[in-house]
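Each remark here refers to the structure printed beneath this line.
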Amino acid sequence: MNWPFRALRLLVRLTLAQQLVLLALLPATVATLGAIAVLTRQHLTNVTELMRANAQTVALQVATVAQSQLQRMDRRALQRTAQSGSYQPHVQQVQIWSEDGEILANSETQDRDRGEGLQVVAPIVADDGRHAGKVMVEISLDAVDRAKRSVWFNVVLVLAASLVGVGLAGWWAARRISAPIRALGEAVDRLGAGEEVQVAVEGTAEVRRLQHGFNEAAAALSESRGMLESRIANATAELASKNQQLEVASQAKTRLLAAASHDLRQPLHALTLFSDGLANGETDPVRLQRIGHIRECVDSLDRLFSGLLNLSQLDAGVLQPQWADFALDQLFDEISRNFRPVAEQQNLRLVVRKTELWVRSDYVMLSRILNNLVSNSLRHTTSGGVLVGARRRGRGVRIDVVDTGVGIAEHHQPRVFEEFYQVEPQPRQGRDARGMGLGLATVQRLASLLNTQVELSSQPHKGTCVRVLVRAAEPMPPPQGGLQAAAAIEEEPSLHGVRALVIDDERSILEGLQVVLNNWGAEVMTAQTRSEALAFADSWERPPDLVVSDLLLQGGDNGLNVLSALERHPRGIGASTARLLVTGETKPDRLREVASAGVAVLYKPVSPKLLRQAIGAQLAAVRQATDPESDAASGPTPPHTK
């Protein structure tokens with residue numbers, strides 16, 4: 001940045017008084033310096049001419065005396081004449097030259113330092129009028145230098161005196177002008193801080209007019225502020241009242257959903273168990289078809305309740321990611337197995353592309369995200385199909401779920417991740433595609449827990465693409481015996497010879513569980529209360545291998561307390577007994593209590609397949625803990641039983 005811009009920036013930073021003083025000083029300084037420069041130059045010129053005239057006079061005097069001496073060529077006399085000339089004031093050197101330029105006499109001062117001199121030459125004229133020689137006189141300019149110094153001192157003195165005078169006068173004028181303006185500025189600051197301000201009307205006519213206008217504006221603004229504060233106070237009170245009403249309504253909604261969910265999960269869970277019991281050993285095609293319809297209805301209700309449960313678990317904060325590196329293709333295979341029959345039933349194509357990519361994430365949470373996305377795509381697709389694929393993007397992996405469904409209008413897209421928000425469903429083959437509007441909300445919550453992003457793009461009548469970004473991981477070699485372990489996981493565990501105690505206050509659920517467990521070969525004892533369970537403990541020969549209990553029981557009791565009572569009983573359960581809680585609770589405080597109990601939990605309604613896998617996992621874990629060598633080859637257990 002060059003100096004004009006710097007000077008301009010510096011000038012802008014000055015106060016009004018400083019600018020006015022500067023405005024007064026600059027012209028005065030320029031005018032004073034100009035006048036002094038002209039006068040000084042004239043004075044120094046006069047002094048120089050005076051010294052030149054003095055030197056000319058000395059030269060003529062020496063030339064007159066040296067005329068006869070030069071004719072006689074009396075060098076001594078010429079030298080004395082030159083010396084007499086050098087004795088004149090300010091003369092530094094005198095030389096007498098012959099006509100041909102020979103220096104016949106030379107005299108110069110030796111008693112002081114030689115400075116800059118002014119040389120003057122005068123001719124020596126003979127009697128016959130011809131030039132016989134020359135006289136050169138060099139006179140010192142010390143007087144001129146002293147005059148210069150004297151002049152500069154006087155210049156500085158006069159300039160300082162004039163600037164002080166002009167500065168004081170300018171400062172007085174500036175203060176007279178800027179003081180009211182500064183007072184107005186301070187009043188504006190106080191007015192901005194919310195104070196009521198009035199300034200005194202004084203000064204020049206223009207300033208008084210400005211002060212009067214400010215006072216009127218301040219009075220109007222104070223009145224407007226009072227009205228605005230009153231309106232804000234009223235609006236704040238109204239907003240607080242509405243917020244309180246919304247909070248009460250939200251709590252009521254939560255309690256209603258939790259109560260309705262729990263009360264409806266109980267019969268639905270029993271219906272799930274009885275539908276599986278009906279199919280056991282049945283060979284009549286008509287009855288099997290009816291049982292299949294019942295199972296479809298149960299599965300539909302199960303999906304709706306699972307959405308509520310997932311959202312309740314997220315609200316309660318009981319779900320925390322369990323990070324692991326795994327092959328994405330393993331999850332893709334699971335999605336293909338789960339949804340291919342659904343797609344074929346709807347005459348749709350489900351394409352899940354093979355991939356060799358590995359990711360670092362929570363397997364169960366990522367599985368829930370993709371399951372919800374694929375299920376949502378199939379629900380809103382009438383023709384074509386759904387594509388699931390993955391590709392590497394820098395340090396991450398992008399998973400795409402693309403469908404050819406009805407699409408989502410642009411004005412709906414920002415809200416589809418909200419709870420209970422649904423775009424108007426499209427009827428498909430006599431069925432309604434409406435859910436509860438919790439699938440994408442659950443996806444968004446789970447993605448936040450995984451510190452990942454979910455992006456959506458859609459066009460009506462063309463389809464929707466949802467992208468999930470996850471962290472990439474390095475592939476790991478397959479473990480030894482991987483095929484045997486996988487086979488062990490897929491194989492349903494046998495319950496022959498297993499003694500089970502089932503505790504639930506709903507008689508229908510007890511009967512359903514008894515039917516299912518008996519069909520699997522287990523010996524079942526049922527109890528509805530803590531006292532009935534402890535009565536079994538008083539009489540049994542040995543503790544059961546498995547205890548399956550509901551969380552909430554009659555009289556405000558709960559399954560955790562019953563399990564603790566059985567553990568304290570002299571003939572009660574110990575480390576060799578597997579424990580499993582089954583509950584329909586969705587209240588956040590209950591979910592946190594269950595999560596901190598350290599007991600495996602299943603949430604109603606529970607499919608028989610999931611129940612059997614969870615029981616097998618808990619029995620295998622107990623056997624492994626009590627006798628590590630007994631199940632060394634039984635393979636790993638599923639990571640999550642909830």
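Along the sequence shown, the residues carry numbers beginning at 1.
In this structure a side-chain-to-backbone donor-acceptor pair under 3.5 Å is missing from Ser361 to Tyr363. A distance-only check finds no donor-acceptor pair linking the side chain of Ser336 to the backbone of Val352 [under 3.5 Å]. For Asn558 (side chain) and Asn561 (main-chain N/O), a donor-acceptor pair under 3.5 Å exists by modelled atom type. Using a distance-only test at 3.5 Å, with no hydrogens or angles considered, no donor-acceptor pair links the side chain of Asn376 to the main chain of Asn372.
Asp545 CG to Ile573 CD1: the interatomic distance, rounded to the nearest 0.5 Å, is 11.5 Å. Asp504 CG to Leu551 CG: the interatomic distance, rounded to the nearest 0.5 Å, is 10.5 Å.
The side-chain contact (heavy atoms from CB on, under 4.5 Å) search around Ser531 returns Thr529, not counting sequence neighbours. Here Ala500 pairs with Leu517, Leu546 under the side-chain contact (heavy atoms from CB on, under 4.5 Å) rule; sequence neighbours left out. Residues forming a side-chain hydrogen bond (donor to acceptor under 3.5 Å, both in side chains) with Arg499 (at least two apart in sequence, or on another chain): none. In terms of the salt bridge (Lys or Arg N to Asp or Glu O under 4.0 Å) criterion, Glu541 has no residue partners (sequence neighbours excluded). Residues satisfying the side-chain hydrogen bond (donor to acceptor under 3.5 Å, both in side chains) test with Gln528, not counting sequence neighbours, are Arg507. With sequence neighbours excluded, the residues satisfying side-chain contact (heavy atoms from CB on, under 4.5 Å) with Arg360 are Trp323, Asp325, Arg471, Ala473. Shown here are the side-chain contact (heavy atoms from CB on, under 4.5 Å) partners of Asp538, two or more places apart in sequence or in another chain: His569. Residues meeting the side-chain hydrogen bond (donor to acceptor under 3.5 Å, both in side chains) test with Ser367, sequence neighbours left out: Glu334, Asn371. Residues meeting the side-chain hydrogen bond (donor to acceptor under 3.5 Å, both in side chains) test with Asp329, sequence neighbours left out: Lys354.
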Please report, to 0.1 Å, the donor-acceptor pairs under 3.5 Å made by any side chain of residues 395-409, with sequence neighbours excluded.
unit_1: Arg398; atom_1: NE; unit_2: Asp400; atom_2: OD1; d: 3.0
unit_1: Arg398; atom_1: NE; unit_2: Asp400; atom_2: OD2; d: 3.4
unit_1: Arg398; atom_1: NH2; unit_2: Asp400; atom_2: OD2; d: 2.9
unit_1: Asp403; atom_1: OD1; unit_2: Gly405; atom_2: N; d: 2.9
unit_1: Asp403; atom_1: OD1; unit_2: Thr464; atom_2: N; d: 3.1
unit_1: Asp403; atom_1: OD2; unit_2: Ser377; atom_2: OG; d: 3.0
unit_1: Thr404; atom_1: OG1; unit_2: Ser383; atom_2: O; d: 2.7
unit_1: Thr404; atom_1: OG1; unit_2: Gly385; atom_2: N; d: 3.0
unit_1: Thr404; atom_1: OG1; unit_2: Gly385; atom_2: O; d: 3.4

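Minimum heavy-atom separation, Phe536 to Ala527: CE1-CB, 4.2 Å. Taking every heavy atom of both residues into account, Val466 and Val454 meet most closely at CG1-CG1, 3.6 Å. The two atoms that bring Val622 and Ala575 nearest to each other are CG1-O, 3.3 Å, heavy atoms only. The nearest pair of heavy atoms linking Leu566 to Ala537 is CD2-CB, 4.3 Å.
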Item to check | Evaluation steps, side chain to side chain contact (heavy atoms under 4.5 Å, CB included), between Ile503 and Asp550 | outcome: CA-CA 6 Å; Ile503 308 170; Asp550 190 11; over 6 Å; no
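Each salt bridge (Lys or Arg N to Asp or Glu O under 4.0 Å) pair with one or both residues in residues 566-576, not counting sequence neighbours, appears once here: Glu567-Arg579.
At a threshold of 4.0 Å, the pair Arg340-Glu344 does not count as salt-bridged, since none of the basic side-chain nitrogens sits closer than that to a carboxylate oxygen.
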